[in-house]
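We number each residue from 1, following the sequence as shown.
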Amino acid sequence: MRTFPDCFPCLRKQAGSTISRVTGDPARQQAILAAVAALLDRLDPSLSPPENAAFMYRLIAEHSGVTDPYAAIKAESNRLAGTLRSQARKGIAAAADPLLAAIQYAMAGNVMDYGAHHDFDAEETLAACLGREAAINDYQEFRRDLAAARTVLYLADNCGELVFDGLLIEQLEREVTVAVKAAPVINDAQVADAVACGIDRIARVVSNGTACPGTPLSRVSAEFRKLFAEADLIISKGQGNFETLSECGRSLYFLLTVKCPVVSRYLGEKTGRPAQCGDAVLLKHRPPGA
């Protein structure tokens, strides 16, 4: 997915929110905003929004000296999600279809995204998401493909929701590798976050080699590229991973909550199936000719 004109106001909004976290000095804030504005004018719209966002966040870190402005929020997201784990696990165990229930929790957990939302009640939002049917739901195909798979590559997204990803991984009953980010970017998960959420006890955890809030295949590590090529089944979690992989050359499953009108419109054009902001999506991606 390319960066559309409507993406740039969102990038500016994200920049403003992040800059307010790295410094309270109005003069420094204005200087960094000016640098961001100059950068946005030079960005390549043929790249995905997360790739362009990565350049922006790196510039803010370079100008401020703060490499992880969302560190406290990430830790709090992990802690909060951890308090909901037992309740969610019980709900999954009691469901008529535990795998489907685990997918619903994982999609609902995707609301924990400070790149798209800055003020929300996680428990309330989670409950609201669980009460809604997925707008795009390729679950039956997913079940069939999972049954034929021996290995699963799970592309993680944000901190906090990792807890719910773990509940889904438990239901997969396969050899699972979870890929996280190599360095801080917004509230995306890294290896330490996966360990904090207990993911390392149920799956292998690896870095994808980038500090991008997505998975741009041209920028990932050789190790990750090999895993991506060889996995029997890939689950791509979150909107950033969708934006970077929506035109990739292999089959996979996108699991996300739609968070912006640009992605909503793009999904509708790509699939012919509408999905509005706030909708959950489980979509099988088929490359051209597949």
Side-chain angles (χ1 to χ4, degrees), residues 1-74 110-120 155 157-159 181-190 208-220 236 238-248 256-270 277:
M1 174 179 161
R2 68 188 300 272
T3 299
F4 293 93
D6 290 353
C7 297
F8 287 93
C10 182
L11 288 170
R12 294 187 187 95
K13 182 178 180 181
Q14 291 179 44
S17 177
T18 302
I19 291 167
S20 69
R21 295 180 184 280
V22 300
T23 178
D25 182 344
R28 288 193 67 202
Q29 289 178 348
Q30 190 58 44
I32 300 173
L33 276 171
V36 168
L39 174 70
L40 292 179
D41 287 339
R42 303 192 304 270
L43 292 180
D44 182 355
S46 70
L47 296 177
S48 66
E51 289 174 275
N52 279 323
F55 295 131
M56 183 186 76
Y57 283 108
R58 184 169 65 192
L59 181 143
I60 293 171
E62 290 171 351
H63 279 257
S64 67
V66 180
T67 60
D68 195 1
Y70 290 87
I73 286 174
K74 291 191 291 185
N110 192 229
V111 299
M112 294 184 176
D113 182 356
Y114 285 85
H117 305 291
H118 303 292
D119 294 293
F120 62 91
L155 311 184
D157 189 20
N158 300 321
C159 292
K181 306 306 186 300
V185 60
I186 325 179
N187 69 327
D188 281 40
Q190 296 175 253
N208 73 2
T210 75
C212 173
T215 305
L217 293 178
S218 63
R219 303 173 191 274
V220 298
S236 172
Q239 185 171 283
N241 282 327
F242 170 78
E243 290 171 300
T244 47
L245 293 171
S246 61
E247 297 174 15
C248 76
L256 69 144
T257 298
V258 179
K259 294 169 184 169
C260 81
V262 176
V263 170
S264 171
R265 184 172 64 245
Y266 180 81
L267 263 170
E269 293 171 354
K270 179 180 174 65
C277 290

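In plain terms, the two heavy atoms of Asn241 and Gly214 that are nearest each other are OD1-C, 3.3 Å. Among all heavy-atom pairs drawn from Pro184 and Ala211, the shortest one is O-CB, 4.3 Å. Taking every heavy atom of both residues into account, Ser17 and Ser20 meet most closely at O-OG, 2.6 Å. Here the closest heavy-atom approach between residue Asp68 and residue Ile186 is recorded as OD1-O, 4.4 Å.
With sequence neighbours excluded, the residues that form a side-chain contact (heavy atoms from CB on, under 4.5 Å) with Glu62 are Arg58. Partners of Asp44 according to the side chain to side chain donor-acceptor pair (under 3.5 Å) rule, which considers only residues two or more places apart in sequence or in another chain, are Ser46. In terms of the side-chain contact (heavy atoms from CB on, under 4.5 Å) criterion, residue partners of Ala53 (sequence neighbours excluded) are, by chain and number, Leu11, Tyr57, Pro213.
Judged by distance alone, with hydrogens and angles left aside, the side-chain atoms of Thr18 form no donor-acceptor pair with the main-chain N or O of Ala15 at under 3.5 Å. Counting only distance, with no hydrogens or angles, the side chain of Lys270 and the backbone of Ser246 share a donor-acceptor pair below 3.5 Å. Not one N or O on the side chain of Thr67 forms a donor-acceptor pair closer than 3.5 Å with the backbone of Ala61. No donor-acceptor distance shorter than 3.5 angstrom exists from the side chain of Glu243 to the backbone of Pro49, with no hydrogens or angles considered.
Here Thr23 contributes atom OG1 and His63 contributes atom NE2; the two are 13.0 Å apart, rounded to the nearest 0.5 Å. Between Leu245 atom CG and Leu217 atom CG the span is 5.0 Å, to the nearest 0.5 Å. Taking CD1 of Ile19 as the start and CG of Leu59 as the end, the distance is 8.5 Å to the nearest 0.5 Å. Residue Thr210 holds its OG1 atom at 6.0 Å from NZ of Lys181, rounded to the nearest 0.5 Å. The distance from the CZ atom of Arg219 to the CG atom of Asn208 is 12.5 Å, given to the nearest 0.5 Å. Within the model, atoms OG of Ser64 and CD of Gln29 stand 11.0 Å from one another, a figure rounded to the nearest 0.5 Å.
Inter-residue side-chain proximity for Phe4 and Cys10 is flagged as unmet; no heavy-atom pair is nearer than 4.5 Å. Side-chain contact between Met1 and Val263 is present, with heavy atoms from C-beta onward closer than 4.5 Å.
Taking the centre and axis of the six-membered ring of Phe8, the NZ or CZ atom of Arg12 falls outside the cone set by 45° and 6.0 Å.
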